[in-house]
Each structure stands twice: as C-alpha cells, then as structure tokens.
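Only this structure's heavy atoms are used, side chains among them; waters, hydrogens and symmetry mates stay out. Throughout, residue positions are numbered sequentially from 1 according to the sequence presented.
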Amino acid sequence: MTYTVAVSGASGYAGGEILRLLAGHPDIEIRTVTAHSNAGQPLIQHQPHLRSLAGLTLQDTTPEILAGHDIVFLALPHGQSGQYTDALGSTPLVIDAGADHRLTSESAWDAFYGGAFHEPWTYGVPELLTGGVKQREHLRGATRIAAPGCNASTVSLSLVPGVAAGVIVADDIVSVLAVGPSGAGKSLKTNLLASEILGSANPYAVGGTHRHIPEIRQALAAASASDDIRISFTPVLVPMSRGILATSSAPIADGVTDAQIREAWESAYADEPFVHLLPEGTFPRTADVLGANTALIGLAIDRAANRVTVVAAVDNLVKGTAGAAIQSMNIALGIPEDRALSINGVAP
C-alpha cells in the first residue's frame, strides 16, 4: 500500500529532514509540501539537496490544503500546530514534530510555553520504557503522534533504563548538552549567526528555563512511577550544524552493584535497532551518528562520586526529530520499523 503524505513547514530544517527520509521510503508518496512566507516558491529553492523532489512547489499551510492525505506531518514552531490538528480530524494519521501535543501537564505547558494547551498525543520515542513496557507498544495503531524534542529524547534515552531498574536516583540529575544550532530552526536569529558561534561555545536557557525540561521529567516519571524528578539541564551551542552530545549523571542507588548498573542499560537496549550501548570504556562522538537514526550511548560508573555518567550522541534532525517521527509512523502503520531509516552515519 502507498500512503499519500503532506508535510507542513517544508522549507525549514525539520520539515526538510522529514522530506529527505520520506523520499527514500517505498510506501510513501510525497504529494504536498506547505510553508508560510515561502509559499508559492519551488521547494528546491529552499531545500536544494532534495533533488528528487524538485518538481514540488510550496503551498500555503491551511487545513484545506493539508486535508485529504493519508498522513500529515506538522513541522511548525511551538504553539502553531494546534490550529491545524484541530481541523484535521478526518486525517488517518497526523504526526506533530512541534511541541504542542507532547506534554500531559497543562501547568507545565503554561510554565514553559504558554498559550493554548492541546491534548497530549502518543509520544514518539519507541525505545522508552513506560509503565513496564516499551513505548512502541503504545504506538502500534496510533493515529496521533507527538514527535519528541531532540534534547528531551536524548536525555530520556540516556537515563530511563537506570531509573526504570531503580539503579540510579532521579532526584539529583545533572545534564549538560553540546548542541548544534539547527535544533533552533531556520529562522534568522542574531545569536545563531556564524560570526557569533564559530570558535565559541555558548550556553543558553541556563537555570532550569529550557522548554524540554518538563518533557524529560514526564518521560522519567513514566519509567519510574514517581514524580520526584529533579534535573539541572544546561544546553550549550557549539559550532557544528547538527548533533547533540548529552552528558548526564545521577546518583547510584544504595546497595547497587556495578554489574546491576550496566545490566540495566544492556537489557533495555539489547534488541533495539537504533539505540546502541557501546562497550565498556567507549564513548560516542556526534560525528558517528551524522545522518543516522542512531543513538549511541556510553556508560561510566564513578564510585568516587557515587554517580553514573551517561554520554549519548544523536543527530538532532534525525533520531532527535524526523527519524523518530518516521520510525513512529512505521510502527503505527504496521510496516517494518526500520524502513527508510539507516543506522549508518556519514564520515568523515
């Protein structure tokens, strides 16, 4: 069966990455691409790397244009998806790559985003442990999917195995992330200019203000059945276009052995096609996941500090966003989970 697809926000980074991956998907026909200010222009003008889609023209983003497809992807800034999702009730599958349908707590939405709160959708990180099962079980047959925030899913994948197994304590988590500026989208911002970030590392959203924090808490709480989740989260912009390197640490629970700690991550990800625990003493680089739907994880046990340190690398536009969305789509439709998604990065 071939599914017809519309992609909104198609001139942006997330929309472009969704299109790049879908272009190689044998079960998908990309029929419609939409934008706002760029409507009426050729897609290839904004996504010149997508040569196979050169015949498409960006249309206005309206419910009428998005309707009539089997699948609609929304790759819009936070607060903008809800106006369309409310009007797409007859669309069989809608996947939101924005934040509007990720959070279950209205108070958390008000505190970190503001504006109208929309109902939470099935969260699109298949590998997460949720209530004793993998999230993919909730994605099977789903009709509304919220793709994750890239930083949030990276930290959650790093820590959920330890939280779920009870080998780490979730009330004193520290995460510091090196991130590429593509995660901030394509809109022109002074702090993202090359002259501002080249040769520099720039912290932002310091002191518990980053919007992905409640999403991380939500995932960890679902894995542990406890709301006592405290995390100090600090992202740092670095001069690489793509990638996240997340270094997270948490206290070791009382009486837990080194073998039990490593076993928690090994058992959680042993059979996962896209999340790989590296051998002991080995840690990932962002270069190793460039262009891949892969999360690579290195684990260290620091007995002197009585903490576990987890280092995770992802491509923020693939596993962090578009790849997670398409992986979740595949599961929802009952087709092979890895279809059109690669575990191989691009090097050098």
Between CG on residue Leu43 and CD on residue Gln45, distance to nearest 0.5 Å: 10.0 Å
Derivation and outcome, side chain to side chain donor-acceptor pair (under 3.5 Å), residues Gln135 and Thr130: CA-CA 6 Å; Gln135 181 64 13; Thr130 305; 3.2 Å; yes
Check: Leu53 and Ile44 side chains under 4.5 Å, non-hydrogen atoms: no
Connected hydrophobic set around Leu66, excluding itself, where side chains approach under 4.5 Å: Val72, Leu74, Leu76, Tyr84, Leu88, Val94, Trp121
Same apolar cluster: Tyr269 and Val125, side chain cutoff 4.5 Å: yes
Among Glu272, Glu337, His138, side-chain contact (heavy atoms from CB on, under 4.5 Å) partner for Pro126: Glu337
Straight-line distance of Ile197 CD1 to Asn191 CG, nearest 0.5 Å: 8.5 Å
Any donor-acceptor N or O pair under 3.5 Å, side chains Asn202, Ser200: yes
Pairs satisfying salt bridge (Lys or Arg N to Asp or Glu O under 4.0 Å), at least one member in residues 47-59, at least two apart: none
Pairwise distance CD1(Ile244) to OG(Ser182) - rounded to 0.5 angstrom: 8.5 Å
Validation row: Tyr123, Glu215 side chains within 4.5 angstrom (heavy atoms): yes
Closest non-hydrogen atom pair, Ala246 against Val155: CB-CG2, 4.4 Å
Show every donor-acceptor pair shorter than 3.5 Å between a side-chain atom in residues 289-296 and any protein atom, with sequence neighbours excluded, or say none if there are none.
from, atom 1, to, atom 2, distance (Å)
Asn293, ND2, Gln327, OE1, 3.1
Thr294, OG1, Ile343, O, 3.0

Partners meeting side chain to side chain contact (heavy atoms under 4.5 Å, CB included) with Ser105 (sequence neighbours left out): Ser107, Ala108
Thr104 side chain to Gln218 side chain, donor-acceptor N/O pair below 3.5 angstrom: yes
Asp60 versus His36, side-chain donor and acceptor atoms under 3.5 Å: no
Joint hydrophobic cluster, Leu139 plus Ile18, side-chain heavy atoms closer than 4.5 Å: yes
Taking distance alone, no hydrogens or angles, what donor-acceptor pairs closer than 3.5 Å link side-chain atoms of residues 159-180 to residues at least two apart or in another chain?
from, atom 1, to, atom 2, distance (Å)
Asp172, OD2, Arg307, NH1, 3.1
Ser175, OG, Ser248, OG, 2.7

Flag for Asp96-Ser81: side-chain donor and acceptor within less than 3.5 Å: yes
Side-chain heavy-atom pair Met329, His25 within 4.5 angstrom cut-off: yes
Any Pro203 side-chain heavy atom under 4.5 Å of Pro235 side chain: no
Check against side-chain contact (heavy atoms from CB on, under 4.5 Å), Arg20 and Leu50: CA-CA 6 Å; Arg20 182 181 75 87; Leu50 300 179; 3.6 Å; yes
Flag side-chain contact, heavy atom, 4.5 Å: Met1 against Asp27: no
Ile213 versus Phe112, closest heavy-atom pair with distance: CB-CE2, 4.2 Å
same_hphob_cluster(Leu237, Leu317) at 4.5 Å side-chain heavy-atom cutoff: no
Intermediate values then yes/no, side-chain contact (heavy atoms from CB on, under 4.5 Å), Val33 and Leu19: CA-CA 9 Å; Val33 291; Leu19 288 169; 3.9 Å; yes
Close side-chain approach of Leu193 to Leu188, heavy-atom, < 4.5 Å: yes
Close side-chain approach of Leu103 and Arg217, heavy atoms under 4.5 Å: no
Contacts of Glu137 that satisfy salt bridge (Lys or Arg N to Asp or Glu O under 4.0 Å) - sequence neighbours left out: Arg140
Contacts of type side-chain hydrogen bond (donor to acceptor under 3.5 Å, both in side chains), residue Gln260, not counting sequence neighbours: Thr257
Point-to-point distance, once rounded to the nearest 0.5 Å, from OG1 of Thr122 to CD1 of Ile331: 11.5 Å
Residues that Arg242 engages under side-chain hydrogen bond (donor to acceptor under 3.5 Å, both in side chains), provided they are two or more places apart: Glu17, Asp315
Shared hydrophobic cluster for Ile297 and Val311 (ILVMFWY, side-chain gaps under 4.5 Å): no
Only distances under 3.5 Å count here; give the side-chain donor-acceptor pairs of residues 3-13 to other protein atoms, sequence neighbours excluded, each with its distance to 0.1 Å.
from, atom 1, to, atom 2, distance (Å)
Thr4, OG1, Asp70, N, 3.0
Thr4, OG1, Asp70, OD2, 3.2
Ser8, OG, Phe73, O, 3.2
Ser8, OG, Ala75, N, 3.3
Ser11, OG, Asn38, ND2, 3.1

Side chain Thr282, main chain Leu278, donor-acceptor under 3.5 Å: no
His101 side chain to Glu119 side chain, donor-acceptor N/O pair below 3.5 angstrom: no
Salt bridge (Lys or Arg N to Asp or Glu O under 4.0 Å): pairs with one or both residues in residues 184-199, sequence neighbours excluded: none
Residue pairs involving residues 190-247 (criterion ring pair (Phe, Tyr, Trp, His ring centres under 6.0 Å); sequence neighbours excluded): Tyr204-His210, His210-His212, His210-Phe233
Minimum heavy-atom distance Ala322-Ala14, with the two atoms named: CB-O, 4.4 Å
Audit row: Leu58, His46, side-chain contact (heavy atoms from CB on, under 4.5 Å) steps and yes/no: CA-CA 10 Å; Leu58 293 164; His46 298 275; 3.7 Å; yes
Residues Glu127, Lys134: salt bridge by 4.0 Å N-O rule: no
No-hydrogen, no-angle side-chain donor-acceptor test under 3.5 Å, His69 and Thr32: yes
Side-chain heavy-atom pair Leu93, Leu333 within 4.5 angstrom cut-off: yes
Main-chain N/O of Ala97 paired to Arg102 side chain as donor or acceptor, under 3.5 Å: yes
Under 3.5 Å donor-acceptor, Asp100 side chain and His78 backbone: no
Contact list for residues 28-41, test salt bridge (Lys or Arg N to Asp or Glu O under 4.0 Å), sequence neighbours left out: Glu29-Arg31
Main-chain N/O of Val318 paired with Thr321 side-chain donor or acceptor, under 3.5 Å: no
Backbone of Leu341 reached by a side-chain donor or acceptor of Asp338 within 3.5 Å: no
Trp265 (side chain) donor-acceptor with Ala270 (main chain) under 3.5 angstrom: no
Spacing of Leu157 atom CG and Ile216 atom CD1 [to the nearest 0.5 Å]: 11.0 Å
Approximate separation, where rounding is to 0.5 Å, of Asp288 CG and His276 NE2: 12.5 Å
